[in-house]
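Throughout, protein chains are lettered first and strands after them, A, B, ... in sequence-line order, and every chain is numbered starting at 1.
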Amino acid sequence: MQQDSAQNGTPIVFFGTQTFACHILQGLLQSPFFHVSLVITQPDKPVGRKKVLTPSPVKTLAQSFEIPTETPNSLKNYQIPPGSPALAVVAQYGKIIPESILNSFSMGVINVHTSLLPKYRGASPIQSAIVNGDTQTGVTIMLMDVGMDTGPILSYETLRILPDDTYPEVDQKLANIGSELLLQTLPKVLDGTITPQKQNDSEATACKMLSREDGKIHWDTMKANHIYNLYRGLTPWPGVWTTLDGLRLKLHKITPSEKGIPAGVLLFEDGKIYVGAMEGSIEILDLQLEGKPSMNAQTFINGFQKYNHAHLI
RNA sequence: CGCGGGAUAGAGCAAUUGGCAGCUCGUCGGGCCCAUAACCCGAAGGUUCCCGGUUCGAGUCCGGGUCCCGCAA
């Protein structure tokens, strides 16, 4: 679309996959000082029951701007095309970038990471911060090295996590901050006015890739506020869930409650649904039973009165 | 043909061995009340997803099809 006006900017190769990466890419595309000449993203993946091949959000965005895209299955034996830019930007790419690729960029590979490094190195920094009940996180821009988010820091900016923020909200805020911070940081990298700061490895923490199992609620060992944090961090995926009558029960929307109820017991009262936790309790606002559509609390109660006082496992 | 659950009133769910299709909520009307989304009384609302088969009789049993959902990927 407007790529003509951007043709003159510093050329960049962009690595990214998810929506956060889209925002970062968008920022670069709108800047007259940079020109994204190649986008490398993950291959199209089968999605849903019908296994429809779906391109990553970044690929879709790049194509709409008619930017060439590459989707290598593995970067291990991948070679950056000759004549590519000397600078690369990485955001939520989702795969390890091997040393051989890093070395292909003489001006360096810049990573936008969604935590205050060295905290939360790894795959799920935003979710982990929320799940742990942190009240602050941020974006760090760093120079990549061979380790997992271990490179020297170029710049960072903090963000307060509000008590009711969920993952998509924090992700969105960090995307805005990160995009702006990147555009401020890159020129300083290019003219050498930033001195990269080595990370303090002794303060480092790691976070793993999330799985569906991480969203399982253990009513008798989890406190209500922990469950609420888990819900906020794992929304919308993998989400929090439990089992009722041998069926998977997804909790789409919950909030902490003061009700005194035994752990794991379901209670219908005044059109509302409550469940007891190890300490405190949870009110369920929207939920979905396996094989059934998603519904709100009142609707669920209308049809499933038999589950009043049932026990969740 | 990866595994499994489902489709019944506007919504969510029942319906025994095949035998008058019900419940909760909502909607509409009336009543009560200073008032109410609260409470009481009443009413409307159905091609039981589609096509075919078995039967005196099918929401229910058999065959085929469409759609939704939970896993898995």
Check: residues 267-285 of chain A side-chain donor-acceptor pairs under 3.5 Å, at least two apart:
| unit_1 | atom_1 | unit_2 | atom_2 | d |
| --- | --- | --- | --- | --- |
| A:Glu269 | OE2 | A:Lys259 | NZ | 2.8 |
| A:Ser281 | OG | A:Ser257 | O | 3.4 |
| A:Ser281 | OG | A:Ser257 | OG | 3.3 |
| A:Ser281 | OG | A:Lys259 | N | 3.3 |
| A:Ser281 | OG | A:Lys259 | O | 2.7 |

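- For the segment residues 234-246 of chain A, the set of residues with a heavy atom within less than 4.0 Å of an atom of RNA chain B is empty.
- In this structure, CG on A:Leu183 lies 8.0 Å from CD on A:Glu180, to the nearest 0.5 angstrom.
- You'll find the side chain of A:Ile153 reaches within 4.5 Å of the side chain of A:Gln199, heavy atoms only.
- Using atom P as the reference point in both B:U60 and B:G52, the two lie 14 Å apart (nearest Å).
- The gap from the P atom of B:G22 to that of B:G45 amounts to 14 Å, rounded to the nearest Å.
- Taking atom P on both B:G70 and B:G26, the two are 28 Å apart, rounded to the nearest angstrom.
- Between A:Trp237 and A:Arg212 there is a side-chain heavy-atom pair separated by less than 4.5 Å.
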Would you tabulate the side-chain donor-acceptor contacts of residues 77-95 of chain A under 3.5 Å, counting partners in other chains and residues two or more places apart, or write 'none'?
| unit_1 | atom_1 | unit_2 | atom_2 | d |
| --- | --- | --- | --- | --- |
| A:Tyr78 | OH | A:Glu70 | OE1 | 3.2 |
| A:Ser84 | OG | A:Pro81 | O | 2.6 |
| A:Lys95 | NZ | A:Asn73 | O | 3.0 |

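- For the C1' atoms, the distance from B:C32 to B:C41 is 11 Å, rounded to whole Å.
- In the hydrophobic clustering, A:Ile96 connects to A:Met148, either directly or through intervening members, whenever side-chain heavy atoms lie under 4.5 Å apart.
- Taking atom CD1 of residue A:Ile273 and atom C1' of nucleotide B:U24, one finds them 13 Å apart after rounding to whole Å.
- The interatomic distance linking A:Leu249 (CG) with B:C71 (P) rounds to 11 Å, in whole Å.
- Rounding to the nearest 0.5 angstrom, the gap separating the CZ atom in A:Phe14 from the CG atom in A:Leu61 is 8.5 Å.
- With C1' as the reference atom, B:G18 and B:C23 are 23 Å apart, rounded to whole Å.
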Readout for nucleotides 37-42 of chain B: B = base within 4.0 Å of protein heavy atom, S = sugar-phosphate only, - = neither; 5' to 3' it is ------
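- Checked by atom type, the side-chain pair A:Thr41/A:Thr71 shows no donor-acceptor distance below 3.5 Å.
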Can you give each donor-acceptor pair under 3.5 Å made by side-chain atoms of residues 128-143 of chain A, sequence neighbours left out, with the distance rounded to 0.1 Å?
| unit_1 | atom_1 | unit_2 | atom_2 | d |
| --- | --- | --- | --- | --- |
| A:Ser128 | OG | A:Ser124 | O | 2.8 |
| A:Ser128 | OG | A:Ser124 | OG | 3.2 |
| A:Asn132 | ND2 | A:Tyr120 | OH | 3.0 |
| A:Asn132 | ND2 | A:Ser128 | O | 3.3 |
| A:Asp134 | OD2 | A:Tyr120 | OH | 2.6 |
| A:Thr140 | OG1 | A:Ser115 | O | 2.5 |
| A:Thr140 | OG1 | A:Leu117 | N | 3.1 |

Under 3.5 Å, sequence neighbours excluded: what are the donor-acceptor pairs made by side chains of residues 224-235 of chain A?
| unit_1 | atom_1 | unit_2 | atom_2 | d |
| --- | --- | --- | --- | --- |
| A:Tyr228 | OH | A:Asp164 | OD1 | 2.6 |
| A:Asn229 | OD1 | A:Arg232 | NH2 | 2.9 |
| A:Asn229 | ND2 | A:Asn225 | O | 3.3 |
| A:Arg232 | NE | A:Pro163 | O | 3.3 |
| A:Arg232 | NH1 | A:Leu162 | O | 3.2 |
| A:Arg232 | NH1 | A:Pro163 | O | 3.2 |
| A:Arg232 | NH1 | A:Asp165 | O | 2.9 |
| A:Thr235 | OG1 | A:Tyr231 | O | 2.5 |

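- Here the straight-line distance linking atom CD1 of A:Ile126 with atom CG of A:Leu174 works out to 5.0 Å at 0.5 Å rounding.
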Distance-only check: which donor-acceptor pairs under 3.5 Å involve side-chain atoms of residues 287-303 of chain A, not counting sequence neighbours?
| unit_1 | atom_1 | unit_2 | atom_2 | d |
| --- | --- | --- | --- | --- |
| A:Gln288 | OE1 | A:His252 | NE2 | 2.9 |
| A:Gln288 | NE2 | A:Lys292 | O | 2.8 |
| A:Glu290 | OE1 | A:Arg248 | N | 2.9 |
| A:Asn296 | OD1 | A:Gln298 | N | 3.4 |
| A:Asn296 | OD1 | A:Thr299 | N | 2.9 |
| A:Asn296 | OD1 | A:Thr299 | OG1 | 2.7 |
| A:Gln298 | NE2 | A:Asn302 | OD1 | 3.3 |

Secondary structure of RNA chain B per the Watson-Crick/G-U criterion (both distances under 3.5 Å; [ ] crossing, | other strand, . unpaired) is .((((((..((((.....[..)))).(((((.......))))).....(((((..]....)))))))))))..
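- Taking atom P in both B:C50 and B:G42, one finds a spacing of 33 Å when rounded to whole Å.
- Under the salt bridge (Lys or Arg N to Asp or Glu O under 4.0 Å) criterion, A:Asp145 pairs with no residue at all, not counting sequence neighbours.
- Other residues, nucleotides and ligands contribute over 12 non-hydrogen atoms within 6.0 Å of the CD atom of A:Gln63.
- Distance check, rounded to the nearest 0.5 Å: CG of A:Asp214 to OG of A:Ser211 gives 4.0 Å.
- Comparing B:C51 with B:C69, their C1' atoms sit 24 Å apart, to the nearest whole Å.
- The same atom, C1', is picked in B:G10 and in B:C1; the two are 37 Å apart, to the nearest Å.
- Rounded to the nearest 0.5 angstrom, A:Gln127 CD and A:Lys208 NZ are separated by 12.0 Å.
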What protein N or O atoms touch nucleotides 1-10 of chain B N or O atoms at under 3.5 angstrom, if any, and at what distances?
| unit_1 | atom_1 | unit_2 | atom_2 | d |
| --- | --- | --- | --- | --- |
| B:G5 | N2 | A:Gly291 | O | 3.1 |

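- The nearest whole Å value for the distance from the NZ atom in A:Lys45 to the C1' atom in B:A72 is 15 Å.
- Separating the OG atom in A:Ser155 from the CG atom in A:Leu181 is a distance of 3.5 Å, to the nearest 0.5 Å.
- Going from atom CG of A:Leu53 over to atom C1' of B:A73 covers 12 Å, rounded to whole Å.
- Within a heavy-atom distance below 4.0 Å of RNA chain B, the residues of residues 293-311 of chain A found are A:Met295, A:Thr299, A:Asn302, A:Gly303, A:Phe304, A:Gln305.
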